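Step one of this worksheet: look at the structure below.
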Protein chains: 2
Amino acid sequence: MAVVDRRQQVLQAAAKCFTLFGYKATTMDQVARIANVGKGTIYTFFMNKEQLFDEILRGVIVEMKKVAEREIRRDKAFFDNLHRVLDALLEFRSEHELFIKLSQESRDFGTPQAGEGLDKLESVVLEYLEREVEHAIQDGEIKPCDPKIVSLVMFRLYIVLTAELNKVHEPLGKEQIQQYFQLFIGDGLAQRA
Amino acid sequence: MAVVDRRQQVLQAAAKCFTLFGYKATTMDQVARIANVGKGTIYTFFMNKEQLFDEILRGVIVEMKKVAEREIRRDKAFFDNLHRVLDALLEFRSEHELFIKLSQESRDFGTPQAGEGLDKLESVVLEYLEREVEHAIQDGEIKPCDPKIVSLVMFRLYIVLTAELNKVHEPLGKEQIQQYFQLFIGDGLAQRA
DNA sequence: CGAATGACCGTTTTAGTAAACTGGTCATTA
DNA sequence: TAATGACCAGTTTACTAAAACGGTCATTCG
């Protein structure tokens, strides 16, 4: 119990620090202090700073996968699943905050670990999306296309609608994000006869 | 003649340097040397380095506008115009090279002038796109939507297909870019009955 | 005479270094 | 014997001198 508790304390403190200060600006002394633990204790559970960070990230990814798997029903339509997963993901405030902090750090300071972390997360999401898109193509739910390209575009669209747009436009509500997702990915802009 | 020629020499040399080395790594001595001109001469025509850079950028923007205006026919359909403009823009190698260099510089070193230059270009393109989208909505060619959002998404889609995709996929040909543009912006992915 | 020039100026950037800090270890402690 | 923090080696930061830069202007050249 004491062991698990300490490990958990470190994980929580680290998650807090990484989300608050980013990778580089988070020091192991700080994590130890916040976790109420001697610095050496951290190294009982985690090999080094990078592995600790990886563990946090892995947790986020696992959490996201859980959300996705909980919402996806194989008997439902692709777009139906897509919207439910999107909806559930948009609720994850803490995950988004870490994500945003790492984006800032990667952009403003070019910290390699921040960039690599984002890349890792992106590649997991893309792999996942890719599989779903392949499914949908095979089931004839969406038109034949390259899943790699489609999943990348979908991911980028998500970023644009949830983050980038906020610089030139007031933030979109969940319903609006859903609506524009359907417009671009599903139905297209063209007014049909 | 001599005056115009010197000014032109400076502009050409500067365009070359900015494309090759980016904003910061381009020195006025270098521009003068390549232009076969004394450094002081540059300041006869341009107030300072930043204004010289602006002039180059303004030229690129004017060139792009010309291309767009040459291709747009008010009597043709929105998507028809879109594809012709896209096609024409994809031919502009030199313009693209400057953008790519500035993107790198902004990302890798955070040079403010590089970022501001890109922002300026982006806002011009977005304004232009926005007007065209508004037209198309009024003419009932595309569904009702927020032109600001749609134009931003279109712009980002262009970046993804022409640049970002190349990191994980072999570069797309012009026809493929057109095809995916039509798929996402025009028709949508959904397989209709 | 006036447009072109490059040596020159003040400022900024870079290179080099000493001091401070950080990630990681391990002898000591509780 | 698990937890700890003083300690170590390596890195980052803060500081300074030297180099390089953008920009000027007295001089030169056509």
Side-chain angles (χ1 to χ4, degrees), chain A residues 1-18 20-57 101-102 105-106 108-117, chain B residues 1-18 20-57 102 104-106 108-117:
Chain A
M1 152 86 200
V3 172
V4 175
D5 193 42
R6 279 190 139 69
R7 195 190 139 92
Q8 216 56 29
Q9 272 177 290
V10 171
L11 273 175
Q12 275 179 24
K16 196 170 171 180
C17 286
F18 286 134
L20 230 51
F21 312 117
Y23 179 86
K24 204 185 156 202
T26 292
T27 71
M28 295 302 259
D29 279 312
Q30 203 175 19
V31 172
R33 212 173 329 118
I34 290 179
N36 263 90
V37 145
K39 190 166 61 157
T41 307
I42 300 178
Y43 292 90
T44 317
F45 305 115
F46 306 98
M47 218 162 54
N48 52 37
K49 185 178 180 180
E50 205 148 351
Q51 210 231 37
L52 174 59
F53 180 62
D54 271 10
E55 212 64 34
I56 303 284
L57 223 60
K101 189 74 207 175
L102 292 179
E105 190 179 355
S106 180
D108 298 346
F109 300 99
T111 312
Q113 287 86 352
E116 283 161 25
Chain B
M1 153 82 199
V3 172
V4 174
D5 192 42
R6 281 192 139 67
R7 195 188 140 92
Q8 216 56 28
Q9 271 177 292
V10 171
L11 274 174
Q12 276 179 23
K16 196 169 168 181
C17 286
F18 286 133
L20 230 50
F21 312 116
Y23 179 85
K24 205 184 155 205
T26 292
T27 71
M28 294 303 258
D29 279 311
Q30 203 174 20
V31 173
R33 209 169 335 116
I34 291 179
N36 262 91
V37 147
K39 189 164 63 157
T41 309
I42 299 177
Y43 292 88
T44 319
F45 305 114
F46 306 98
M47 220 163 51
N48 53 36
K49 185 180 178 178
E50 205 148 352
Q51 209 230 35
L52 173 60
F53 179 61
D54 272 10
E55 211 65 33
I56 303 284
L57 224 60
L102 291 179
Q104 281 178 4
E105 189 179 356
S106 181
D108 298 346
F109 301 99
T111 313
Q113 287 87 352
E116 285 160 23

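Order of the sequence lines sets the chain letters (A, B, ...), proteins ahead of strands, with each chain counted from 1. It should be emphasised that the depicted structure is a prediction, and the values quoted were computed from it without experimental measurement.
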**Study point:** Minimum side-chain heavy-atom gap B:Leu52-B:Phe45 below 4.5 Å
**Key:** no
Exercise for review: Give the rounded distance in Å between these two atoms: CD of A:Gln30 and C1' of C:dG23.
Suggested key: 14 Å
Review point. Within this structure, what is the CD-to-P distance between A:Gln51 and C:dG24, rounded to whole angstrom?
Key: 10 Å
Review point. Can you list every salt bridge (Lys or Arg N to Asp or Glu O under 4.0 Å) pair that touches residues 23-41 of chain B, not counting sequence neighbours?
Key: B:Asp29-B:Lys39
Check your understanding: In whole Å, what is the span from the CZ atom of B:Arg7 to the P atom of C:dA3?
Key -> 16 Å
Exercise for review: Without swapping roles, check the side chain of B:Gln9 against the backbone of B:Ala35 for a donor-acceptor pair under 3.5 Å.
Suggested key: yes
Check your understanding: Mind checking whether B:Asn48 and B:Gln51 have side chains closer than 4.5 Å, heavy atoms only?
Key -> yes
**Study point:** A:Lys16, NZ atom: more than 12 neighbouring heavy atoms under 6.0 Å
**Key:** no
Review point. Below 4.0 angstrom from OP1 or OP2 of C:dT5, is there any side-chain N or O of B:Arg6?
Key: yes
Review point. Which letters describe nucleotides 20-30 of chain D, given B = protein heavy atom under 4.0 Å from base, S = only from sugar-phosphate, - = neither?
Key: -SBBBB-----
Check your understanding: Hey, are the side chains of A:Arg6 and A:Thr44 touching, using non-hydrogen atoms and a 4.5 Å cut-off?
Key -> no
Review point. C:dG6 P sits how many Å from B:Arg33 CZ, rounded?
Key: 12 Å
